[in-house]
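See below for the structure under consideration.
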Protein chains: 2
Amino acid sequence: MQNRKDEKIIYGRRIEKICRYLEKENIAAAVIEDKEGSRTANLRYLSGMPMDALLFIIPGKGAGREDKSILVPWDEILAGKIACADEIIGYTEFDRLFENAVSKLLEKEGIPAGSRVELPSALPHHSFVNFSGMEYLCRKTGFESNLAALRMVKDEEELAIIREGSRLTNRLLDELEMAVKKGEIHTEIDIALFIERRSRTLGCEGTGFETIAAGPDRSWGIHAFPLYTAGPFATKGMSLVDFGVNYKGYTTDITASFVKGPLSEKQEEMISLVEKAYTASSEMLAPGVTTMAVADKATDVFKKGGWVMPHALGHSYGLDVHEAPTLRNGKDPVVLEAGMVVTIEPGLYHEAEGGVRWENDFLITETGSECLTNSKIFHLID
Amino acid sequence: MQNRKDEKIIYGRRIEKICRYLEKENIAAAVIEDKEGSRTANLRYLSGMPMDALLFIIPGKGAGREDKSILVPWDEILAGKIACADEIIGYTEFDRLFENAVSKLLEKEGIPAGSRVELPSALPHHSFVNFSGMEYLCRKTGFESNLAALRMVKDEEELAIIREGSRLTNRLLDELEMAVKKGEIHTEIDIALFIERRSRTLGCEGTGFETIAAGPDRSWGIHAFPLYTAGPFATKGMSLVDFGVNYKGYTTDITASFVKGPLSEKQEEMISLVEKAYTASSEMLAPGVTTMAVADKATDVFKKGGWVMPHALGHSYGLDVHEAPTLRNGKDPVVLEAGMVVTIEPGLYHEAEGGVRWENDFLITETGSECLTNSKIFHLID
């Protein structure tokens, strides 16, 4: 853990960046809201508070300016222990009502009537129309998309955390492979709970998202439902496990497939195509290349093999498992930059044959890319 | 599992109810959207599809009318296997774009320009303003709040599922109590993964929400962060575990505390007050009583003891762990009705002493209430 002084510098630097954006846009205050049903990792990115709070960001103006962040948490004790903000005020002071907190805090901070105030981009229309007295904004392309763009390129502190999370992921995967090969693990539950337990004993907060463990009978689903069951894993056919560990808030995201013969011709074809698509697309990762070009490469491999790309090729990750940019065909390509991290995860799924997916995490470097994780399509002895 | 014919009757009955509301409001079509970051159990309630889909509901008009539901899923294979709708169209046909799907489907279904069309209540303001050509609505008090009101009183099929889920919860809790008392379980991870594994082997989809397991050092948090760690559980002081099982989509929600002496005077006081608040408030549960009256009872007990109620007393549950109504002080009281299910969960938390909470699930009956679950404050031998 960093000490609080270091944390103030890290979060302060991020607050400063977003405040200069707000100042340029002539916005007097911006509000982030994280709650059940509407989560945003921007809260943690800017304050260290993991969840259930509002965060007000008020840019200072002119020379000697002082930017200010005010955290309004649901759990004040937790916030006092781990969050980093210039001021912390319990949400109970505003009866835990969003509209109440916004209007009272703006008044308390002396924001003049008519000022531009940016509300959360996820704010429902019916709530937005209740606000008055300021020039309220709710924008798709606003301070939150600006934050998403900032978060695309990981800073030094984030990369150190992601590297350590990747190392722990690899260690866990090695142990998992061994346990499967030794026959110590037989079911989807075994797989998922091995990961759940080990991630915590390795010092992670837990898994980064709900583990998907699907044996040969269920791997046809892109996201198996339920995510794992008491059913068999790593028996004849194609099994897959999709997981990540949450280290200091940052998740990793890998998928390993375990295939066991005798395989059908169709299964061999699917595995071979996924390996080709993975290799061809991951080899392209470098600064200056577009996300679309990388995705198109994998789509081409599948198309030539007579298959259709069933989902996006990959995505960035960090505090959220899915962050911008997405590696997909079609519009909105993003040019890759050094400091971005992305997954490459081609997969093919067939209702009768099952599914196979191969996913690793890559860091875009100055000269190309570095694969941070060691996932594979593991071939088990028949 | 019910067979598909039964399912059509169950979902059809729910669709019919909401269609009569839409007809009364002169709404030609209503749209539900469930996606990562914006979940709504209304999707599953009306179609059986657990997640990641749009659902269009188009009420028939006049005599011989035929209501119609159209499901637009992200995973077509999964939808084909488990969902129930009049028509299923893959989201890929609309390039997985919400605005695209809405406009194209309304056109395909011949909804006349200018008709009233209700969009999801969670739709962000910036997305809402892109829609045109119809009289689009995004309302807090609209078809989704009407659905929430419908869902407040559980139907026969739901109550059968909830009863079975409660039975499995009780069985799991008995086993958990035994394992703790025998000293087979030592850590928060042990607790959480015992529940995770057992829920699935008992035939549940899994846990209903992420289990909170907090030993004496961490139970001061209303929702411990992280939710569970490798740290000790059920050692000297106050530990608590908050969990539910997901049976056929419906969760239960209980909290058991495990307290082990020698306890401090303050801890004894907290335990005694929580027990008093629990008993006094749960005894009031009956049709005709307001949620506020029940919550006020617990608040009074705490107040007389010199403590403040730190969170709502309880809430309904079902497909979501938190459903309307909430049992809290202040405004928006709801009158309890037979067929509602609610939790009662008073708790007290102290940064140095730890926390204690006691939560069970209650069904409101014609004459009073029935406690469905058997959670307790378990006193362990010093």
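Under the 4.5 Å side-chain criterion, counting only non-hydrogen atoms from C-beta, B:Ser121 is in contact with A:His126. Side-chain contact between B:Arg197 and A:Asp190 is present, with heavy atoms from C-beta onward closer than 4.5 Å.
Ranked by heavy-atom pairs under 4.5 Å with chain A, the first of B:Ala230, B:Cys138, B:Pro226, B:Ala122 is B:Cys138. When the candidates A:Ser38, A:Gly37, A:Pro50, A:Gly221 are compared by the number of heavy-atom contacts under 4.5 Å with chain B, A:Pro50 comes out ahead. Interface check for chain A: of the options B:Arg39, B:Met51, B:His322, B:His311, the most heavy-atom pairs under 4.5 Å are formed by B:His322. For the options B:Leu137, B:Ile189, B:Leu227, B:Thr141, heavy-atom pairs under 4.5 Å to chain A are most numerous at B:Ile189. By number of non-hydrogen pairs under 4.5 angstrom with chain A, the leading residue of B:Thr187, B:Leu193, B:Asn246 is B:Leu193.
With a 4.5 Å cut-off on non-hydrogen atoms, A:Asp95 does not touch chain B at all. Only the side chain of A:Leu97 has a heavy atom closer than 4.5 Å to any heavy atom of chain B. In this structure, chain B has a heavy atom under 4.5 Å from the side chain of A:Val321, while its backbone stays farther away. Within the 4.5 angstrom heavy-atom criterion, only backbone atoms of A:Leu123 (N, CA, C, O) approach chain B. Looking at B:Glu36, the atoms closer than 4.5 Å to chain A (heavy atoms on both sides) all sit in the side chain, from C-beta outward. Neither the backbone nor the side chain of B:Asp320 comes within less than 4.5 Å of any heavy atom in chain A. Heavy atoms of A:Pro310 lying under 4.5 Å from chain B belong exclusively to its backbone.
Within a 6.0 Å radius of NZ in A:Lys81, more than 12 heavy atoms belonging to other residues, nucleotides or ligands are found.
Minimum heavy-atom separation, A:Leu78 to B:Trp220: N-CZ3, 3.8 Å. Closest approach of A:Ile222 to B:Asp75, counting heavy atoms only: N-OD2, 3.7 Å.
Remark: A:Thr207 OG1 to B:Glu210 CD distance equals 7.0 Å, nearest 0.5 Å. The structure places CZ of A:Phe225 at 15.5 Å from CD1 of B:Ile77, a figure rounded to the nearest 0.5 Å.
Within the 6.0 Å centre-distance limit, the rings of A:His223 and B:Trp74 are counted as a close aromatic pair.
Between A:Glu188 and B:Arg200, none of the side-chain N atoms (NZ, or NE/NH1/NH2) sits under 4.0 Å from a carboxylate O, so this pair counts as no salt bridge.
Under 3.5 Å, the side chains of B:Glu196 and A:Tyr228 contain a donor-acceptor pair of N or O atoms.
Among residues two or more places apart in sequence or in another chain, the side-chain contact (heavy atoms from CB on, under 4.5 Å) test is passed with A:Arg328 by A:Ala312, A:Thr326.
Using the six-membered ring where Trp is involved, B:Phe128 and A:His125 have ring planes that are parallel, under 30° apart on the 30 and 60° scheme.
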